[in-house]
Amino acid sequence: MDPNEDTEWNDILRKHGILPQQVKITQNDIYDSAVAKAQEEESQRLEKLDLDELAELEDEEDDQILEQYRQQRMAEMQAQAEKEKFGELIQISEPDYKAMVTEASKDVWVVVHLFRDSIPECKLMNRILGELAMQYRATKFVKIISVECIHNYPDRNLPTLLVYGKGEMQGQMVRMDRFGGMHAKRKDVEKYLKELGAIDPALKRVLPGESNEEESDDERAVYFDLGKGI
């Protein structure tokens, strides 16, 4: 006996609870399932489009659906813009430190460079951090003359990086030895900050004139001139 067969005897057994009720799939069920799957696939496709691509589809898609995704994308862009509110290496002084570094780091990551203009390695670090600041605008990059930050701080320890997050110091780098000294490249410092979590790779911007590929070993020679300070 086939319990799934639609017979009078099976109907009697189902009526008395001996066999489970037969589930019948109708044409409407099949249609509804197909429509739901198609809508899901269309939703996933539209989520990958930018605002310009959505605008090009206005004649093909339902205006209400397109407007929904357009508003969603604009909200996402607004949220990103609110995060990426920095974009440059700024110089601060001793009175600014608590508010612009310690307090600010409760909400955002802050990278602090202790420097002196007379030290070539500090000039190189300022250039590197200035470019990283343009690429990672959700992170605050600041520089402060070393003895304003820490009185009598020795020049032999410069440049020094202090990295703050969650209201506390999360990392410290003294001198540029780990980066190769005057042979340091932007990608070396970038890797260090990534490891600390101070910069978000998902928010990285490409600098004008550069590709998405990491800078080559030869680029360092052309993007820094020791005769020019920051």
Side-chain angles (χ1 to χ4, degrees), residues 79-92 96-117 119-146 148-150 153 156-224 226 229-230:
Q80 182 171 338
E82 290 175 359
K83 275 187 176 182
E84 297 181 308
K85 56 186 177 182
F86 303 111
E88 61 180 330
L89 175 65
I90 60 175
Q91 184 163 343
I92 63 173
D96 304 323
Y97 199 91
K98 183 177 180 181
M100 297 195 68
V101 177
T102 310
E103 294 298 323
S105 69
K106 294 178 181 178
D107 299 316
V108 298
W109 283 88
V110 183
V111 178
V112 184
H113 178 208
L114 277 58
F115 79 104
R116 271 189 184 267
D117 278 329
I119 298 176
E121 288 86 348
C122 291
K123 291 184 178 182
L124 174 57
M125 181 60 77
N126 276 336
R127 176 62 65 87
I128 289 173
L129 294 179
E131 294 181 348
L132 288 175
M134 289 189 286
Q135 289 184 294
Y136 296 94
R137 301 187 178 197
T139 298
K140 178 187 280 189
F141 288 82
V142 303
K143 61 180 181 178
I144 181 171
I145 295 174
S146 57
E148 287 189 19
C149 182
I150 304 173
Y153 193 70
R156 65 177 179 273
N157 289 342
L158 299 178
T160 293
L161 290 185
L162 307 177
V163 184
Y164 284 78
K166 302 176 183 178
E168 298 179 354
M169 187 186 300
Q170 302 292 337
Q172 177 178 322
M173 188 282 300
V174 177
R175 298 180 56 83
M176 293 181 66
D177 297 343
R178 68 174 292 167
F179 302 137
M182 286 302 295
H183 296 287
K185 296 181 284 293
R186 188 201 317 156
K187 65 182 180 181
D188 300 324
V189 181
E190 181 180 25
K191 180 181 178 182
Y192 169 70
L193 295 177
K194 280 181 183 177
E195 290 171 351
L196 290 175
I199 54 178
D200 184 355
L203 299 178
K204 181 178 180 178
R205 295 194 182 197
V206 178
L207 293 178
E210 291 189 359
S211 68
N212 285 312
E213 299 297 324
E214 290 207 69
E215 60 172 357
S216 68
D217 290 343
D218 295 333
E219 286 181 47
R220 181 195 59 80
V222 299
Y223 91 97
F224 179 71
L226 289 180
I230 297 297

Heavy-atom nearest pair, Val174 first then Asn157, reads CG1-O, 3.4 Å
Can Glu148 and Tyr97 be counted as having a side-chain donor-acceptor contact under 3.5 angstrom?
-> no
Return the minimal non-hydrogen interatomic distance between His113 and Cys122, and the atom names on each side.
-> CE1-O, 3.4 Å
Run the numbers on Leu129 and Leu161 for side-chain contact (heavy atoms from CB on, under 4.5 Å), then give the verdict.
-> CA-CA 10 Å; Leu129 294 179; Leu161 290 185; 3.7 Å; yes
Is there side-chain contact between Gln135 and Leu207, with at least one heavy-atom pair below 4.5 Å?
-> yes
Taking Arg175 for the side chain and Arg156 for the main chain, is one N or O donor matched with an acceptor at less than 3.5 Å?
-> yes
Within a reach of under 6.0 Å around CD of Glu195, are more than 12 heavy atoms found that belong to other residues, nucleotides or ligands?
-> yes
pair Phe141-Leu193: side-chain heavy atoms closer than 4.5 Å | yes
Min side-chain heavy-atom separation Phe86-Val108 under 4.5 Å | yes
Nearest 0.5 Å please: distance from the NZ atom of Lys204 over to the CE atom of Met134.
-> 12.5 Å
Measure the spacing between NZ of Lys98 and CD1 of Ile92 and express it to the nearest 0.5 Å.
-> 14.0 Å
Just by distance, do the side chain of Lys140 and the backbone of Met100 share a donor-acceptor pair under 3.5 Å?
-> yes
So, for Glu190 and Ile199, which heavy atoms are closest and what is the spacing to 0.1 Å?
-> O-CD1, 3.5 Å
Short question: side chain of Asp188, backbone of Lys185 - any donor-acceptor pair under 3.5 Å?
-> yes
Would you name the heavy atoms of Ile128 and Ala184 that are closest together and state the gap between them?
-> CD1-O, 4.3 Å
Hey, are the side chains of Arg137 and Leu203 touching, using non-hydrogen atoms and a 4.5 Å cut-off?
-> no
Value for OG1 (Thr102) from CD (Glu168), rounded to nearest 0.5 Å, stands at 10.5 Å
Go through the steps to decide whether Tyr136 and Lys194 satisfy the test side-chain contact (heavy atoms from CB on, under 4.5 Å), and finish with yes or no.
-> CA-CA 11 Å; Tyr136 296 94; Lys194 280 181 183 177; 3.6 Å; yes
Residues Phe115, Gln91; criterion side-chain contact (heavy atoms from CB on, under 4.5 Å); working and verdict = CA-CA 10 Å; Phe115 79 104; Gln91 184 163 343; 3.8 Å; yes
Could you walk me through whether Ser105 and Met169 pass side-chain contact (heavy atoms from CB on, under 4.5 Å), step by step?
-> CA-CA 9 Å; Ser105 69; Met169 187 186 300; over 6 Å; no
Pairwise distance CE(Met176) to CD(Glu121) - rounded to 0.5 angstrom | 7.0 Å
Could you tell me the separation between the CG atom of Leu132 and the CG atom of Leu89, rounded to the nearest 0.5 Å?
-> 10.0 Å
Side-chain contact test, heavy atoms from C-beta onward, threshold under 4.5 Å: evaluate it for Val163 versus Trp109 and give yes or no.
-> yes
Do Met173 and Tyr192 have side-chain heavy atoms sitting under 4.5 Å apart?
-> yes
